[in-house]
Each structure stands twice: as C-alpha cells, then as structure tokens.
Amino acid sequence: QVQLAESGGGLVQAGGSLRLSCAASGRTFSSYTMGWFRQTPGKEREFVGTISRNGIITYYADSVKGRFTISRDNAKNTALLQMNSLKPEDTAVYYCAAGRGAGRNFLGDYWGQGTQVTVCS
C-alpha cells in the first residue's frame, strides 16, 4: 500500500509559480505511474498529467502543456509538479495519485488528500 501527501500549495499572483510535492510512503513508489489531477467545487476532477515509473515519459492536459512540468525522484519517493505562468483558472485543489496506465488512461490506485492552489489576478 502507498500513502501520499501533497504539499506546496498556496496563494500566488497570476504569472507566478508554485511547486507541489507529493511524498509517498512505502517501498514500491517506483512501481507506480504518478498522476496529478485538480478539482474545483462543483466540477469533476480534471486530469493534469502523468509521469511514467522511470520518469521518462510524461503526458499533460492541453490546458497546462508548456506551463506545468511533472518530475519524480524514485530515490526520495517524491513526485513534483512545477507550475509556471499560473492563471486564475488554475485555481483548484490539486491531488497526486499512484496508479497504472498513462495520460488520460491513468487509473489511480492511491490518492493524496489534496493541496489548495489559489491564483489571484
């Protein structure tokens, strides 16, 4: 079993940057594809991106492509979401997940509790 904990959320002005971290417990972190999702009240959870187990292959939603970067450090059991050029529409609770598949075919087996990101104009 894997437990995930996101951190790094906060309030930032439009155009700014934030880096979210997802710390994983357990010894099998490298066995999972890692995904990032976000959700705003009243809306369905939205796919942000995924990174393969070895960290080589990434997929991104069109809405964040070129602005967000996903990376991972398997030695530290950590996944990162670097968010640049933030927009007010990026405001959401961001979740990391450990699972299978890639891109929009990702299926999350384990989920973190989420971290709030607020972008003000």
Test side chain to side chain donor-acceptor pair (under 3.5 Å), reference Tyr94, set Gln116, Glu46, Gln39, Arg38, output is Arg38
Identify whether the distance between the nearest side-chain nitrogen and carboxylate oxygen of Lys65 and Asp62 falls below 4.0 Å. yes
Measure the spacing between OG of Ser71 and CZ of Arg19 and express it to the nearest 0.5 Å. 7.5 Å
Same apolar cluster (I L V M F W Y, side chains within < 4.5 Å links), Leu20/Phe29: yes
Are Ile57 and Phe37 connected in the hydrophobic side-chain network, where two residues link if heavy atoms are under 4.5 Å apart? yes
Say whether Val117 and Tyr60 are linked into one hydrophobic cluster, either directly or through other cluster members, by side-chain heavy-atom distances under 4.5 angstrom. yes
Supply the atom-to-atom distance Asp90 CG to Thr118 OG1, rounded to the nearest 0.5 angstrom. 11.0 Å
Atom of Gln82, atom of Ser17 and distance for their closest heavy-atom approach: NE2-CB, 4.0 Å
Taking all non-hydrogen atoms of both residues, which atom of Gly103 and which atom of Phe47 are closest, and how far apart? O-CE1, 3.3 Å
Exactly one of Thr91, Leu86, Leu11 clears side chain to side chain contact (heavy atoms under 4.5 Å, CB included) with Cys120, and that residue is Leu11
In terms of heavy-atom contacts, Ala92 and Thr40 come closest through CB-CG2, 3.6 Å
Any chain of hydrophobic side-chain contacts (each under 4.5 Å) joining Val93 to Trp111? yes
To the closest 0.5 Å, what do you measure between OG (Ser121) and CD (Gln13)? 9.0 Å
In terms of hydrophobic clusters joined by side-chain contacts under 4.5 Å, are Phe106 and Val2 together? no
Take Asp109 and Arg100, measure what side-chain contact (heavy atoms from CB on, under 4.5 Å) needs, and give me the verdict at the end. CA-CA 8 Å; Asp109 294 321; Arg100 299 156 283 150; 2.7 Å; yes
Might you point out which heavy atoms bring Ala79 and Trp36 nearest each other, and give the distance in Å? O-CZ2, 3.8 Å
Going through the checks in order, is the side-chain contact (heavy atoms from CB on, under 4.5 Å) test met by Arg67 and Met83? CA-CA 6 Å; Arg67 299 187 299 122; Met83 305 184 293; over 6 Å; no
Least distance between heavy atoms, Gln113 atom then Ala5 atom: OE1-CA, 3.5 Å
Between the CZ atom in Arg104 and the OH atom in Tyr59, the distance rounded to the nearest 0.5 Å is 12.5 Å
Please report the shortest heavy-atom distance between Gly108 and Ala97, naming the atom on each side. CA-CB, 4.4 Å
Just by distance, do the side chain of Thr33 and the backbone of Ala102 share a donor-acceptor pair under 3.5 Å? no
CD1/Ile51 to SG/Cys96 distance, rounded to the nearest 0.5 angstrom? 12.5 Å
